[in-house]
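The structure appears below as C-alpha coordinates.
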There are 2 protein chains.
Amino acid sequence: MNEVEKFKEKLKDKGYKLTTQRRVILDVIMENREKHLSSEEIYDLVRQKYPEIGLATVYRTLLLFEELGIVYKLNFDDGRNRYELYHNEVHQHHHLICLKCGAVIEMEGDLLEDLEKAIEETKDFEILDHNVKFFGYCSKCRKKND
Amino acid sequence: MNEVEKFKEKLKDKGYKLTTQRRVILDVIMENREKHLSSEEIYDLVRQKYPEIGLATVYRTLLLFEELGIVYKLNFDDGRNRYELYHNEVHQHHHLICLKCGAVIEMEGDLLEDLEKAIEETKDFEILDHNVKFFGYCSKCRKKND
DNA sequence: TAGTTTATGATATTCATTTTCAATTGTCAA
DNA sequence: TTGACAATTGAAAATGAATATCATAAACTA
(Lines give C-alpha, C1' and ligand atoms only; values in the text may rest on other atoms or scores of the structure.)
Protein backbone atom coordinates (compact mmCIF):
# COMPACT_ATOMS: atom_id res chain seq x y z
CA MET A 1 0.00 0.00 0.00
CA ASN A 2 1.52 3.28 -1.04
CA GLU A 3 1.48 6.52 0.87
CA VAL A 4 -1.57 7.97 -0.80
CA GLU A 5 -3.61 4.84 -0.12
CA LYS A 6 -2.55 4.90 3.49
CA PHE A 7 -3.67 8.49 3.63
CA LYS A 8 -7.08 7.61 2.22
CA GLU A 9 -7.45 4.86 4.75
CA LYS A 10 -6.53 7.06 7.66
CA LEU A 11 -9.22 9.51 6.68
CA LYS A 12 -11.86 6.84 6.18
CA ASP A 13 -11.05 5.15 9.46
CA LYS A 14 -12.09 8.21 11.34
CA GLY A 15 -15.07 9.05 9.15
CA TYR A 16 -13.43 11.94 7.34
CA LYS A 17 -14.16 12.58 3.71
CA LEU A 18 -11.70 12.53 0.88
CA THR A 19 -11.88 15.91 -0.77
CA THR A 20 -9.92 17.46 -3.58
CA GLN A 21 -8.61 20.10 -1.21
CA ARG A 22 -7.18 17.51 1.16
CA ARG A 23 -5.61 15.64 -1.72
CA VAL A 24 -3.96 18.76 -3.10
CA ILE A 25 -2.65 19.78 0.32
CA LEU A 26 -1.19 16.30 0.81
CA ASP A 27 0.42 16.45 -2.63
CA VAL A 28 2.11 19.75 -1.84
CA ILE A 29 3.44 18.42 1.44
CA MET A 30 4.69 15.23 -0.21
CA GLU A 31 6.40 17.18 -2.98
CA ASN A 32 8.26 19.18 -0.36
CA ARG A 33 9.41 16.44 1.95
CA GLU A 34 12.72 17.95 2.74
CA LYS A 35 11.27 21.37 3.53
CA HIS A 36 9.63 22.73 6.64
CA LEU A 37 6.77 24.71 5.15
CA SER A 38 4.64 27.11 7.13
CA SER A 39 0.86 27.14 6.82
CA GLU A 40 1.01 30.24 4.65
CA GLU A 41 3.67 28.76 2.40
CA ILE A 42 1.55 25.65 1.96
CA TYR A 43 -1.43 27.85 1.13
CA ASP A 44 0.55 29.64 -1.58
CA LEU A 45 1.72 26.38 -3.15
CA VAL A 46 -1.72 24.83 -2.98
CA ARG A 47 -3.26 27.84 -4.72
CA GLN A 48 -1.06 27.25 -7.73
CA LYS A 49 -2.77 23.90 -8.23
CA TYR A 50 -6.18 24.78 -6.89
CA PRO A 51 -6.79 28.55 -6.84
CA GLU A 52 -10.30 28.33 -5.34
CA ILE A 53 -9.02 27.04 -2.03
CA GLY A 54 -9.55 29.12 1.10
CA LEU A 55 -6.92 29.85 3.71
CA ALA A 56 -9.11 28.48 6.48
CA THR A 57 -9.27 25.13 4.75
CA VAL A 58 -5.50 24.89 4.72
CA TYR A 59 -5.32 25.64 8.44
CA ARG A 60 -8.12 23.19 9.19
CA THR A 61 -6.54 20.49 7.09
CA LEU A 62 -3.12 20.87 8.68
CA LEU A 63 -4.72 20.54 12.09
CA LEU A 64 -6.50 17.41 10.91
CA PHE A 65 -3.36 15.95 9.35
CA GLU A 66 -1.50 16.51 12.58
CA GLU A 67 -4.21 14.71 14.52
CA LEU A 68 -4.09 11.82 12.07
CA GLY A 69 -0.33 11.58 12.31
CA ILE A 70 0.14 12.52 8.68
CA VAL A 71 2.23 15.58 9.42
CA TYR A 72 4.33 16.70 12.34
CA LYS A 73 4.24 20.25 13.63
CA LEU A 74 7.54 22.02 14.07
CA ASN A 75 8.36 25.20 15.91
CA PHE A 76 11.35 27.24 14.82
CA ASP A 77 10.52 30.23 16.98
CA ASP A 78 9.73 32.37 14.00
CA GLY A 79 6.14 32.95 14.99
CA ARG A 80 4.49 30.48 12.67
CA ASN A 81 3.72 26.80 12.65
CA ARG A 82 5.70 24.68 10.28
CA TYR A 83 4.97 21.15 9.15
CA GLU A 84 6.76 18.19 7.74
CA LEU A 85 5.53 14.83 6.52
CA TYR A 86 5.46 12.39 9.39
CA HIS A 87 8.04 9.67 9.20
CA ASN A 88 9.24 7.30 11.85
CA GLU A 89 12.58 8.97 12.12
CA VAL A 90 10.86 12.25 12.87
CA HIS A 91 11.51 11.91 16.57
CA GLN A 92 15.06 11.08 15.88
CA HIS A 93 16.08 14.25 14.19
CA HIS A 94 16.96 17.64 15.44
CA HIS A 95 17.30 20.96 13.75
CA LEU A 96 20.16 23.37 13.55
CA ILE A 97 18.90 26.88 12.94
CA CYS A 98 21.27 29.56 11.70
CA LEU A 99 20.75 32.85 13.46
CA LYS A 100 22.23 34.79 10.57
CA CYS A 101 20.71 33.40 7.39
CA GLY A 102 17.85 31.41 8.87
CA ALA A 103 18.93 28.16 7.25
CA VAL A 104 17.54 25.02 8.85
CA ILE A 105 19.83 22.03 8.80
CA GLU A 106 18.50 18.61 9.61
CA MET A 107 20.37 16.28 11.88
CA GLU A 108 19.69 12.61 12.28
CA GLY A 109 20.53 10.30 15.07
CA ASP A 110 19.20 10.24 18.53
CA LEU A 111 21.83 10.86 21.09
CA LEU A 112 19.11 11.92 23.47
CA GLU A 113 18.08 8.41 24.34
CA ASP A 114 20.28 8.15 27.38
CA LEU A 115 19.09 11.49 28.62
CA GLU A 116 15.47 10.49 28.16
CA LYS A 117 15.93 7.28 30.06
CA ALA A 118 17.53 9.16 32.93
CA ILE A 119 14.64 11.62 33.03
CA GLU A 120 12.00 8.93 33.01
CA GLU A 121 13.66 7.28 35.96
CA THR A 122 14.69 10.20 38.13
CA LYS A 123 11.75 12.49 37.46
CA ASP A 124 9.03 9.90 37.00
CA PHE A 125 8.05 11.72 33.83
CA GLU A 126 6.80 9.76 30.84
CA ILE A 127 8.28 11.29 27.71
CA LEU A 128 6.15 11.16 24.59
CA ASP A 129 7.93 13.67 22.43
CA HIS A 130 10.80 16.06 22.47
CA ASN A 131 11.75 19.24 20.77
CA VAL A 132 15.41 19.88 20.31
CA LYS A 133 16.80 22.83 18.46
CA PHE A 134 20.28 24.26 18.28
CA PHE A 135 20.81 27.89 17.40
CA GLY A 136 24.06 29.24 16.05
CA TYR A 137 25.95 29.99 12.86
CA CYS A 138 26.05 27.67 9.87
CA SER A 139 29.26 26.97 8.01
CA LYS A 140 28.46 29.45 5.21
CA CYS A 141 27.85 32.30 7.61
CA ARG A 142 30.91 31.42 9.63
CA LYS A 143 33.05 31.78 6.51
CA LYS A 144 31.53 35.16 5.69
CA ASN A 145 32.43 36.39 9.15
CA ASP A 146 36.14 35.79 8.66
CA MET B 1 28.06 44.84 42.99
CA ASN B 2 24.57 43.48 43.49
CA GLU B 3 22.10 42.52 40.82
CA VAL B 4 20.25 45.79 40.75
CA GLU B 5 23.45 47.78 40.33
CA LYS B 6 24.52 45.51 37.50
CA PHE B 7 21.18 46.14 35.94
CA LYS B 8 21.61 49.91 36.18
CA GLU B 9 25.02 49.63 34.63
CA LYS B 10 23.82 47.51 31.74
CA LEU B 11 21.24 50.12 30.89
CA LYS B 12 23.65 53.03 31.16
CA ASP B 13 26.28 51.30 29.07
CA LYS B 14 23.98 51.28 26.11
CA GLY B 15 22.53 54.73 26.70
CA TYR B 16 19.19 53.55 28.01
CA LYS B 17 17.48 55.45 30.75
CA LEU B 18 16.60 54.18 34.18
CA THR B 19 12.88 54.61 34.58
CA THR B 20 10.49 53.61 37.32
CA GLN B 21 8.73 51.29 34.92
CA ARG B 22 11.90 49.39 34.14
CA ARG B 23 12.76 49.12 37.82
CA VAL B 24 9.34 47.74 38.73
CA ILE B 25 9.42 45.22 35.90
CA LEU B 26 12.85 44.03 37.00
CA ASP B 27 11.61 43.70 40.59
CA VAL B 28 8.70 41.54 39.54
CA ILE B 29 10.97 39.28 37.51
CA MET B 30 13.46 39.01 40.36
CA GLU B 31 10.73 38.18 42.84
CA ASN B 32 9.61 35.31 40.61
CA ARG B 33 12.93 33.72 39.79
CA GLU B 34 11.69 30.21 39.84
CA LYS B 35 8.70 30.93 37.61
CA HIS B 36 8.38 31.21 33.87
CA LEU B 37 6.10 34.21 33.58
CA SER B 38 4.47 35.27 30.36
CA SER B 39 4.38 38.91 29.26
CA GLU B 40 0.76 39.20 30.32
CA GLU B 41 1.45 37.66 33.72
CA ILE B 42 4.29 40.10 34.25
CA TYR B 43 1.98 42.94 33.25
CA ASP B 44 -0.59 41.87 35.86
CA LEU B 45 2.02 41.65 38.62
CA VAL B 46 3.58 44.97 37.67
CA ARG B 47 0.22 46.71 37.76
CA GLN B 48 -0.18 45.76 41.41
CA LYS B 49 2.87 47.90 42.18
CA TYR B 50 2.48 50.50 39.49
CA PRO B 51 -1.06 50.67 38.13
CA GLU B 52 -0.36 53.43 35.60
CA ILE B 53 1.88 51.20 33.50
CA GLY B 54 0.89 50.39 29.95
CA LEU B 55 0.95 46.95 28.40
CA ALA B 56 3.14 48.15 25.54
CA THR B 57 5.79 49.27 27.99
CA VAL B 58 5.96 45.80 29.47
CA TYR B 59 6.38 44.25 26.03
CA ARG B 60 8.97 46.84 25.05
CA THR B 61 10.89 46.38 28.28
CA LEU B 62 10.97 42.61 28.01
CA LEU B 63 12.38 42.95 24.50
CA LEU B 64 15.00 45.32 25.83
CA PHE B 65 15.87 43.10 28.78
CA GLU B 66 16.33 40.18 26.45
CA GLU B 67 18.66 42.20 24.27
CA LEU B 68 20.65 43.25 27.34
CA GLY B 69 20.89 39.68 28.57
CA ILE B 70 18.86 40.42 31.67
CA VAL B 71 16.16 37.91 30.87
CA TYR B 72 15.98 34.81 28.74
CA LYS B 73 13.03 34.10 26.49
CA LEU B 74 11.43 30.69 26.76
CA ASN B 75 8.98 29.01 24.45
CA PHE B 76 6.66 26.38 25.84
CA ASP B 77 4.51 26.14 22.72
CA ASP B 78 1.53 27.64 24.48
CA GLY B 79 1.31 30.61 22.17
CA ARG B 80 2.96 33.17 24.37
CA ASN B 81 6.46 34.26 25.22
CA ARG B 82 7.74 33.44 28.67
CA TYR B 83 10.74 34.87 30.46
CA GLU B 84 13.09 33.99 33.22
CA LEU B 85 15.91 35.92 34.84
CA TYR B 86 19.12 35.21 33.03
CA HIS B 87 21.59 33.13 34.96
CA ASN B 88 24.64 31.29 33.77
CA GLU B 89 23.07 27.94 34.27
CA VAL B 90 20.23 28.93 31.98
CA HIS B 91 21.78 27.06 29.11
CA GLN B 92 22.19 24.05 31.26
CA HIS B 93 18.63 23.37 32.06
CA HIS B 94 15.82 21.81 30.17
CA HIS B 95 12.11 21.74 30.69
CA LEU B 96 9.68 18.89 31.06
CA ILE B 97 6.21 19.97 30.01
CA CYS B 98 3.20 17.92 31.03
CA LEU B 99 0.71 17.55 28.21
CA LYS B 100 -2.14 16.94 30.63
CA CYS B 101 -1.85 19.55 33.40
CA GLY B 102 0.62 21.93 31.78
CA ALA B 103 3.10 21.72 34.63
CA VAL B 104 6.63 22.77 33.77
CA ILE B 105 9.36 20.88 35.57
CA GLU B 106 12.88 22.18 35.52
CA MET B 107 15.81 19.86 34.93
CA GLU B 108 19.40 20.72 35.52
CA GLY B 109 22.51 19.26 34.13
CA ASP B 110 23.75 19.35 30.63
CA LEU B 111 23.94 15.96 29.10
CA LEU B 112 23.85 17.59 25.72
CA GLU B 113 27.48 18.59 25.75
CA ASP B 114 28.68 15.52 23.91
CA LEU B 115 25.97 15.94 21.32
CA GLU B 116 26.88 19.58 20.82
CA LYS B 117 30.53 18.80 20.36
CA ALA B 118 29.67 16.18 17.75
CA ILE B 119 27.49 18.65 15.88
CA GLU B 120 30.10 21.38 15.89
CA GLU B 121 32.59 18.97 14.38
CA THR B 122 30.55 17.05 11.86
CA LYS B 123 28.27 19.83 10.69
CA ASP B 124 30.65 22.77 11.04
CA PHE B 125 27.90 24.59 12.90
CA GLU B 126 28.77 26.92 15.76
CA ILE B 127 26.24 26.42 18.52
CA LEU B 128 25.36 29.45 20.59
CA ASP B 129 22.20 28.29 22.25
CA HIS B 130 19.88 25.35 22.40
CA ASN B 131 16.29 24.75 23.19
CA VAL B 132 15.40 21.41 24.63
CA LYS B 133 11.93 20.46 25.76
CA PHE B 134 10.42 17.13 26.62
CA PHE B 135 6.70 16.61 26.38
CA GLY B 136 4.85 13.90 28.22
CA TYR B 137 3.02 13.10 31.44
CA CYS B 138 4.19 14.20 34.86
CA SER B 139 4.11 11.85 37.82
CA LYS B 140 0.87 13.29 39.21
CA CYS B 141 -1.00 12.84 35.96
CA ARG B 142 0.43 9.37 35.49
CA LYS B 143 -1.03 8.37 38.84
CA LYS B 144 -4.43 9.76 37.94
CA ASN B 145 -4.46 7.67 34.80
CA ASP B 146 -4.15 4.40 36.68
C1' DT C 1 -30.07 9.19 -6.89
C1' DA C 2 -31.70 11.19 -2.61
C1' DG C 3 -30.72 12.37 1.76
C1' DT C 4 -27.72 13.09 5.45
C1' DT C 5 -23.56 14.57 7.14
C1' DT C 6 -19.24 16.63 6.63
C1' DA C 7 -16.41 20.13 4.39
C1' DT C 8 -15.64 24.45 2.28
C1' DG C 9 -14.95 29.53 1.35
C1' DA C 10 -15.60 34.10 2.74
C1' DT C 11 -15.56 36.72 6.40
C1' DA C 12 -15.38 38.04 11.07
C1' DT C 13 -13.02 37.25 15.33
C1' DT C 14 -9.52 36.27 18.60
C1' DC C 15 -5.26 36.78 20.84
C1' DA C 16 -0.50 38.03 21.45
C1' DT C 17 2.45 41.34 20.03
C1' DT C 18 4.05 45.62 17.67
C1' DT C 19 3.58 50.24 15.96
C1' DT C 20 2.19 55.00 16.08
C1' DC C 21 2.24 59.40 17.99
C1' DA C 22 1.59 63.07 21.11
C1' DA C 23 2.81 63.97 25.74
C1' DT C 24 6.08 63.08 29.48
C1' DT C 25 10.33 62.21 31.72
C1' DG C 26 15.35 61.28 32.39
C1' DT C 27 20.00 62.93 31.64
C1' DC C 28 23.73 65.94 30.94
C1' DA C 29 25.98 70.19 29.82
C1' DA C 30 26.00 74.95 30.94
C1' DT D 1 19.51 74.17 39.06
C1' DT D 2 17.89 74.70 34.75
C1' DG D 3 16.90 73.93 30.14
C1' DA D 4 17.29 71.37 26.00
C1' DC D 5 17.10 67.24 23.73
C1' DA D 6 16.69 62.61 23.22
C1' DA D 7 14.64 58.63 25.09
C1' DT D 8 10.44 56.75 27.06
C1' DT D 9 5.78 56.28 27.97
C1' DG D 10 0.55 55.28 27.64
C1' DA D 11 -3.43 54.81 24.86
C1' DA D 12 -5.05 53.30 20.98
C1' DA D 13 -4.67 51.52 16.48
C1' DA D 14 -2.46 48.09 13.61
C1' DT D 15 -0.54 43.72 12.64
C1' DG D 16 -0.25 38.84 11.77
C1' DA D 17 -1.14 34.11 12.64
C1' DA D 18 -4.67 31.19 13.76
C1' DT D 19 -9.56 30.01 14.77
C1' DA D 20 -14.63 30.39 14.68
C1' DT D 21 -19.01 31.29 12.27
C1' DC D 22 -22.34 30.26 8.98
C1' DA D 23 -24.60 29.63 4.70
C1' DT D 24 -23.56 26.94 0.65
C1' DA D 25 -21.51 22.99 -1.59
C1' DA D 26 -19.65 18.71 -1.94
C1' DA D 27 -18.97 13.60 -0.36
C1' DC D 28 -20.56 9.24 1.23
C1' DT D 29 -24.26 5.69 2.10
C1' DA D 30 -28.52 3.43 1.75
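A, B, ... follow the sequence lines: proteins, then strands. Residue 1 opens every chain. Just so it is clear, the model here is predicted, and its values are computed rather than measured.
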By the 4.0 Å heavy-atom rule, please label A:Tyr43 as base, sugar-phosphate, or nothing. nothing

Nearest-angstrom distance from the residue atom CZ of A:Arg47 to P of C:dA10: 10 Å

Check the distance between D:dA18's P and B:Asp77's CG and give it to me in whole angstrom. 12 Å

Where the side chain of A:Ala56 is defined as all heavy atoms beyond and including C-beta, which of D:dT19, D:dA20, D:dA11 is the nearest nucleotide? D:dA20

Which nucleotide wins on minimum distance to the side chain of A:Tyr59, given the candidates D:dT9, C:dG9, D:dA18? D:dA18

Which of these nucleotides, D:dT9, C:dT17, D:dT19, is closest to any side-chain atom of B:Leu55? C:dT17

What is the ring orientation for A:His130 with A:His94, classed by angle as parallel under 30°, tilted 30 to 60°, or perpendicular over 60°? tilted

Nearest whole Å is fine: how far is D:dT19 C1' from A:Glu66 CD? 14 Å

Test side chain to side chain donor-acceptor pair (under 3.5 Å), reference B:Glu84, set B:Lys73, B:Arg33, B:His93, output is B:His93

As a quick check of understanding, evaluate salt bridge (charged side-chain N to carboxylate O under 4.0 Å, His left out) for A:Lys49 and A:Asp27, giving each step before the final call. CA-CA 10 Å; A:Lys49 298 178 181 238; A:Asp27 285 346; 5.2 Å; no

By the 4.0 Å heavy-atom rule, please label A:Ser38 as base, sugar-phosphate, or nothing. nothing

Could you go through the side chain to side chain contact (heavy atoms under 4.5 Å, CB included) check for B:Ile53 and B:Arg47 one step at a time? CA-CA 6 Å; B:Ile53 202 158; B:Arg47 262 198 304 183; 3.9 Å; yes

D:dT8 P sits how many Å from B:Leu68 CG, rounded? 10 Å

Whether the side chain of B:Arg22 engages the backbone of B:Lys17 through a donor-acceptor N/O pair (distance < 3.5 Å, no angle test) should be reported. yes

Are A:Phe7 and A:Leu18 packed together at the side-chain level, in the sense that at least one heavy-atom pair is separated by less than 4.5 angstrom? yes

Is it true that a side-chain atom of A:Lys133 and a backbone atom of A:Asn75 form a donor plus acceptor pair closer than 3.5 Å? yes

Just by protein heavy atoms under 4.0 Å, how would nucleotides 25-30 of chain D read 5' to 3' in B, S and -? -BBS--

Ignoring hydrogens and geometry beyond distance, is the side chain of B:Arg22 in donor-acceptor contact with the base of C:dG26 at under 3.5 Å? no

Distance criterion of 3.5 Å, no angle test: do you see the side chain of A:Arg80 paired donor-to-acceptor with the base of D:dT15? no

Taking CD from B:Glu67 and P from C:dT18, how many angstroms apart are they, rounded to a whole number? 13 Å

Length of the line joining A:Asn81:CG and D:dG16:C1', which is rounded to integer Å: 13 Å

